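On a predicted model such as this, the values are computed, not experimentally measured, just so you know. Lettering of chains follows the sequences in order, A, B, ..., and the numbering in each one begins at 1.
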2 protein chains.
Amino acid sequence: MPQPSSSAPRKALGRPPRISREEVIATARRIVDADGVDRLTMRRLAAEVGSTPMALYHHVRNKEELLVLLLDDYAARTLHRPEPPAEPRERVVVAAAAIHEALAGCPWIVEVLTADDLMSASALWFVEQIVDGLVACGLSPERAVHGYRAIWYYTAGEIVVRAAAARRRADADRPTYREQVFAGLDPDELPRLAEVADRWAPLTAEDTYRDGLRALVDGLLAAR
Amino acid sequence: MPQPSSSAPRKALGRPPRISREEVIATARRIVDADGVDRLTMRRLAAEVGSTPMALYHHVRNKEELLVLLLDDYAARTLHRPEPPAEPRERVVVAAAAIHEALAGCPWIVEVLTADDLMSASALWFVEQIVDGLVACGLSPERAVHGYRAIWYYTAGEIVVRAAAARRRADADRPTYREQVFAGLDPDELPRLAEVADRWAPLTAEDTYRDGLRALVDGLLAAR
DNA sequence: GCTACTTTCTATACATGTATAAAAACTCGC
DNA sequence: GCGAGTTTTTATACATGTATAGAAAGTAGC
């Protein structure tokens with residue numbers, strides 16, 4: 001892995017690199033933008049930076065890290081800070097919704113989203129907004145952090161689940177699991193589900209992220 | 001794919017199968033239980049059922065479906081229905097927590113969890129409990145379904161994010177992204193995060209699923 | 001028994017991520 | 001300029017999921 005260019009400006013040791021991490025990421029971004037994340041393979045990436053597959057591994061640890069870096073890059077470019085509302089509760093909602101919107105507009109991250117927190121440097125400001133908003137509403141810093149986590153779980157879950165649903169819809173021919181299950185629904189055993197069975201698909205297709213988010217925030221604040 | 005054994009008991013057409021879907025799933029389960037999900041490969045599975053890799057594809061669509069079936073199987077065996085509490089709000093919490101607990105005890109599902117809803121037949125009862133509890137608290141059926149979805153997002157997100165964190169901790173040598181980011185935190189720009197920086201790791205390690213769940217449910221009900 | 005048809009199984013091949021070992025291209029101390 | 005050390009790059013190899021083509025093993029009609 002490349003040294004952090006330290007204070008000592010000694011001539012670099014070893015064979016001089018022909019490609020850089022930045023170049024790799026930029027090229028990867030081009031590929032993803034042009035042809036989608038599925039087409040991003042280490043071999044093609046290597047070819048397009050004019051190198052060999054294994055050479056990439058000196059600049060990124062593996063493909064997953066590459067994707068995380070791509071997400072970072074994406075976040076840095078598209079996460080725009082909204083004017084924070086005066087009301088702290090609203091600050092929380094707005095910050096979370098901004099993160100959510102950015103992620104939702106970037107369908108390929110799902111494979112990365114399982115990455116722990118969203119700890120991209122450019123996302124930190126939003127995390128700060130959320131934690132600060134919760135504190136301003138009277139939560140202790142500890143509870144505020146837990147609150148942020150809950151919001152993050154909810155947000156990441158929404159993205160992941162929706163993306164999976166979309167993927168499933170893509171290879172659509174065969175009936176979904178869901179349809180099969182709902183078809184054989186016993187109204188005596190499961191009356192509520194039977195009641196909404198035929199409305200399930202459109203209902204779950206609705207975008208209710210913000211409603212749920214508001215409910216969660218309300219609940220977090222009420223528990224104080 | 002095998003026919004649903006229909007009413008007509010005609011002799012089966014075509015070459016008689018030497019392995020069955022059930023056999024495949026049962027063998028896969030053995031492998032996962034014994035050696036972990038990483039060791040479950042189509043080749044090994046084929047060998048252990050005494051067949052060839054591609055023969056498996058006549059009984060499961062692909063590896064992902066196999067994992068979904070495994071999850072189903074797991075759910076059917078371990079999802080025990082608790083006595084539903086009288087208080088409807090509590091029913092919602094208990095049902096969601098039961099699903100969560102089962103999933104959390106089954107670390108390998110993460111790769112499957114991105115599967116749309118948890119629509120395993122054995123999980124439906126819990127979904128019913130949740131939807132019914134929300135309706136009993138005064139939500140319309142539509143809002144109850146949306147509420148269930150929010151709870152599912154929160155739950156799935158918690159599992160996925162925590163599992164990813166655990167995985168990351170497994171190959172632990174290198175410093176986490178998080179540590180790097182928190183190290184260079186500017187207390188003027190991000191005062192709240194700086195304040196909790198050193199407590200972040202233990203705080204986020206705490207299991208606060210139920211607290212967040214309660215908050216979410218409270219918020220969903222308050223929005224009525 | 002023979003042909004047509006259906007289903008299941010086998011053999012082979014390919015794309016992909018990445019491990020491993022060695023080669024290449026430098027700087028440094030001498 | 002030469003050997004030692006360091007870093008980057010290359011070549012090769014392997015495991016894995018799965019596509020494709022065709023062989024195998026049965027039934028049904030004749």
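Pairs engaging residues 48-58 of chain B under the salt bridge (charged side-chain N to carboxylate O under 4.0 Å, His left out) rule: Arg30(B)-Glu48(B), Arg44(B)-Glu48(B) [sequence neighbours left out]. For residues 193-213 of chain B, the salt bridge (charged side-chain N to carboxylate O under 4.0 Å, His left out) pairs, not counting sequence neighbours, are Glu142(A)-Arg199(B), Arg192(B)-Glu195(B).
Rounded to a whole Å, the CZ atom of Arg15(B) is 8 Å from the C1' atom of dA23(D). Counting to the nearest Å, the P atom of dT7(D) and the CZ atom of Arg21(A) are 16 Å from each other. In this structure, NE2 of His59(A) is placed 13 Å from P of dT7(D), rounded to the nearest angstrom. Straight-line distance from the CG atom of Leu56(B) to the C1' atom of dA19(D): 15 Å, rounded to whole Å.
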* To do: Decide salt bridge (Lys or Arg N to Asp or Glu O under 4.0 Å) for Arg29(A) and Glu22(A); before the verdict, give the C-alpha distance in whole Å, the side-chain angles of both, and the deciding distance to 0.1 Å.
  => CA-CA 10 Å; Arg29(A) 192 175 102 199; Glu22(A) 287 66 36; over 6 Å; no
* Asked: Do Tyr153(A) and Arg162(B) pass the side chain to side chain donor-acceptor pair (under 3.5 Å) test, and can you show the C-alpha distance, the side-chain angles, and the key distance before you say yes or no?
  -> CA-CA 9 Å; Tyr153(A) 294 152; Arg162(B) 290 194 95 78; 3.0 Å; yes
* Residues Tyr154(B), Trp152(A); criterion ring pair (Phe, Tyr, Trp, His ring centres under 6.0 Å); working and verdict -> CA-CA 8 Å; Tyr154(B) 171 69; Trp152(A) 173 239; over 10 Å; no
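Applying the ring pair (Phe, Tyr, Trp, His ring centres under 6.0 Å) rule to His100(A) yields the partners Tyr209(A); only residues at least two apart in sequence or on another chain are considered.
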Output one line per pair: protein atom, nucleotide atom from nucleotides 1-4 of chain C, and distance, for all N/O pairs under 3.5 Å.
none

So which protein N/O to nucleotides 15-20 of chain C N/O distances come out below 3.5 Å?
residue : atom : partner  : partner atom : Å
dG17(C) : OP1  : Lys63(A) : NZ           : 2.5
dG17(C) : OP2  : Met42(A) : N            : 2.8
dG17(C) : N7   : Arg43(A) : NH1          : 2.7
dG17(C) : O6   : Arg43(A) : NH2          : 2.9
dT18(C) : OP2  : Tyr57(A) : OH           : 2.9
dT18(C) : OP2  : Lys63(A) : N            : 3.0
dT18(C) : O4   : Arg43(A) : NH2          : 3.4

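Counting all heavy atoms, side chain and backbone alike, Ala98(A) lies closest to Phe126(A) at CB-CE2, 3.5 Å.
For residues 25-33 of chain B, proximity to DNA chain D is found at no residue, defined as any non-hydrogen atom under 4.0 angstrom from a strand atom.
In this structure, Thr27(B) and Ile19(B) have side chains that are not in contact, with every pair of non-hydrogen atoms separated by 4.5 Å or more.
Side-chain atoms of Lys63(A) do not come within 3.5 Å of backbone N or O of Thr41(A) as any donor-acceptor pair.
Within a 6.0 Å sphere centred on CD of Glu23(A), heavy atoms belonging to other residues, nucleotides or ligands number more than 12.
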